[in-house]
2 protein chains.
Amino acid sequence: MAAIRTYHHPDVEEIALPRVLFALSEPLRLTMVRILSERGEVDSLELGPDLPRSTLTHHTSLLRESGVVFVRAEGRKCLIRLRTEDLDARFPGLLRTVLAGYEDEGTTGAAGGAA
Amino acid sequence: MAAIRTYHHPDVEEIALPRVLFALSEPLRLTMVRILSERGEVDSLELGPDLPRSTLTHHTSLLRESGVVFVRAEGRKCLIRLRTEDLDARFPGLLRTVLAGYEDEGTTGAAGGAA
DNA sequence: AATATAGTGCGAGAATTGTCGAACGATCAA
DNA sequence: TTGATCGTTCGACAATTCTCGCACTATATT
């Protein structure tokens, strides 16, 4: 029984707006968030199949530490989902507004070619 | 009659969400935006009285080039206002949502001590 | 014209962020 | 146990961003 992978997540009150906006200001991460909103909880590889693993971990960690996503280990894999309720409790409507404004741009083949 | 100071502003369609979010992800700029939303069109000095001028120009330019604010020269001064309608046409509700989520934090003495 | 004030642009340096290879531990299948 | 796959961490490098002094132009006042 080896050490289980654990992840730190900020409490709802600790989620800071500048950090969230910064996390969402990167096209790649914004695309990840859009995928998450469409598919719910997904395997981390779905967020960037063609990306180097270390790059994927980097962006995933940033989204997690800013309070945008929740990450949990499942066997070898890494399941990720949006903290929709927490974000909505903290910044009502923000996520919906951002996603609505990003639907038309970058709709095709982003996040390293996720299809 | 010398050359009038002119400023480039992106068209409404050119305003990109990642750029806007990045512009709003900086606490200083976020505070500037809040001041603008409270006071309407203001002298640029009101956005950061204690800041070095070059720093102020830097942030003002970034906000302008991302499509968040409109800048016009008035004599020696520089008047700045939010592009509320344009932003709302492009990303409905974004500005209101962001401002609502930032009212409680950083309410005091930010933007270099603007009072 | 002389002075004071406001804004801009440039440049340098510090700080932050993004990308990615390599090594490592953990997990699953055979 | 062996081999393959996945995620993490570290380190290095590139790119971007931030801050700010300085010189310069433009404007307003006297």
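Just so it is clear, the values below take in all heavy atoms, side chains as well, and ignore hydrogens, waters and symmetry mates. On a predicted model such as this, the values are computed, not experimentally measured, just so you know. Just so it is clear: chains get the letters A, B, ... in the order the sequence lines come, proteins before strands, and each one is counted from 1.
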Round to a whole Å and report the spacing from [atom1] of [X] to [atom2] of [N].
X	N	atom1	atom2	result
Leu24(B)	dT17(D)	CG	P	15 Å
Asp43(A)	dT27(C)	CG	P	16 Å
Leu63(B)	dC18(D)	CG	P	10 Å
Leu47(B)	dG7(C)	CG	C1'	14 Å
Arg5(A)	dT9(D)	CZ	C1'	13 Å

Taking side chain to side chain donor-acceptor pair (under 3.5 Å) as the definition, give me every residue that meets it alongside [X], ordered by chain and number, with sequence neighbours left out.
X	value
Arg83(B)	Asp86(B)
His59(A)	Arg29(A)
Glu41(A)	Arg72(A), Arg81(A)
Asp88(B)	none

Neighbour count >12 (heavy atoms, 6.0 Å) for atom CD, Glu38(A):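 Result for CD/Glu38(A): enclosed.
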Mind checking side-chain contact (heavy atoms from CB on, under 4.5 Å) for Ser54(A) and listing every partner two or more places apart, or none if nothing turns up?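 Checked Ser54(A) against side-chain contact (heavy atoms from CB on, under 4.5 Å); matches are Pro52(A).
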For Ala73(A), all residues meeting side-chain contact (heavy atoms from CB on, under 4.5 Å), sequence neighbours excluded: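 Expected list: Arg5(A), Tyr7(A).
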If you link ILVMFWY side chains whenever their heavy atoms are less than 4.5 Å apart, which other residues fall into the same cluster as Phe22(B)? By chain and number, please.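 Phe22(B) clusters with Phe22(A), Leu62(A), Leu62(B).
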Can you check whether Ser44(B) has a side-chain N or O nearer than 4.0 Å to OP1 or OP2 of dG7(C)?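 Looking at the OP1 and OP2 atoms of dG7(C), one of them is under 4.0 Å from a side-chain N or O of Ser44(B).
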If you compare every side-chain N and O of Tyr7(A) against the phosphate oxygens of dT8(D) (OP1, OP2), does one of them come in below 4.0 Å?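 Answer is yes, contact under 4.0 Å.
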Inter-axis angle, terminal five-pair segments of the helix from dA1(C)-dT30(D) to dA30(C)-dT1(D) [nearest 10°]: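 About 30°, once rounded to a multiple of 10°.
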Sorted by first residue and then second, give each salt bridge (Lys or Arg N to Asp or Glu O under 4.0 Å) pair with at least one member in residues 9-22 of chain B; sequence neighbours left out.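 Of all non-adjacent pairs touching residues 9-22 of chain B, none passes salt bridge (Lys or Arg N to Asp or Glu O under 4.0 Å).
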Do any N or O atoms of the protein come closer than 3.5 Å to N or O atoms of nucleotides 18-22 of chain C, and which pairs are they?
from: dG18(C); atom 1: OP1; to: Glu26(A); atom 2: OE1; distance (Å): 3.4
from: dG18(C); atom 1: OP1; to: Arg29(A); atom 2: NH1; distance (Å): 2.9
from: dG18(C); atom 1: OP1; to: Arg29(A); atom 2: NH2; distance (Å): 3.0
from: dG18(C); atom 1: OP2; to: His58(A); atom 2: NE2; distance (Å): 3.2
from: dT19(C); atom 1: OP2; to: His59(A); atom 2: NE2; distance (Å): 2.5
from: dG21(C); atom 1: N7; to: Ser54(A); atom 2: OG; distance (Å): 3.3
from: dG21(C); atom 1: O6; to: Ser54(A); atom 2: OG; distance (Å): 3.1

Consider side-chain contact (heavy atoms from CB on, under 4.5 Å). Of Leu94(B), Val68(B), Val12(B), which one does Leu87(B) pass it with?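 Running side-chain contact (heavy atoms from CB on, under 4.5 Å) over Leu94(B), Val68(B), Val12(B) with Leu87(B) returns exactly one hit, Val68(B).
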Among residues 72-81 of chain A, which contact DNA chain C at a heavy-atom distance under 4.0 Å?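 Those residues whose heavy atoms fall under 4.0 Å from DNA chain C, taken from residues 72-81 of chain A in numerical order, are Gly75(A), Arg76(A).
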His9(B): what forms a ring-ring contact (aromatic ring centres under 6.0 Å, His included) with it, not counting sequence neighbours?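 Partners of His9(B) under the ring-ring contact (aromatic ring centres under 6.0 Å, His included) test: Phe70(B).
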Describe the nucleic acid contact of Leu56(A) in one word from base, sugar-phosphate, nothing, applying a heavy-atom distance below 4.0 Å.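 Nothing, no nucleic acid heavy atom in range.
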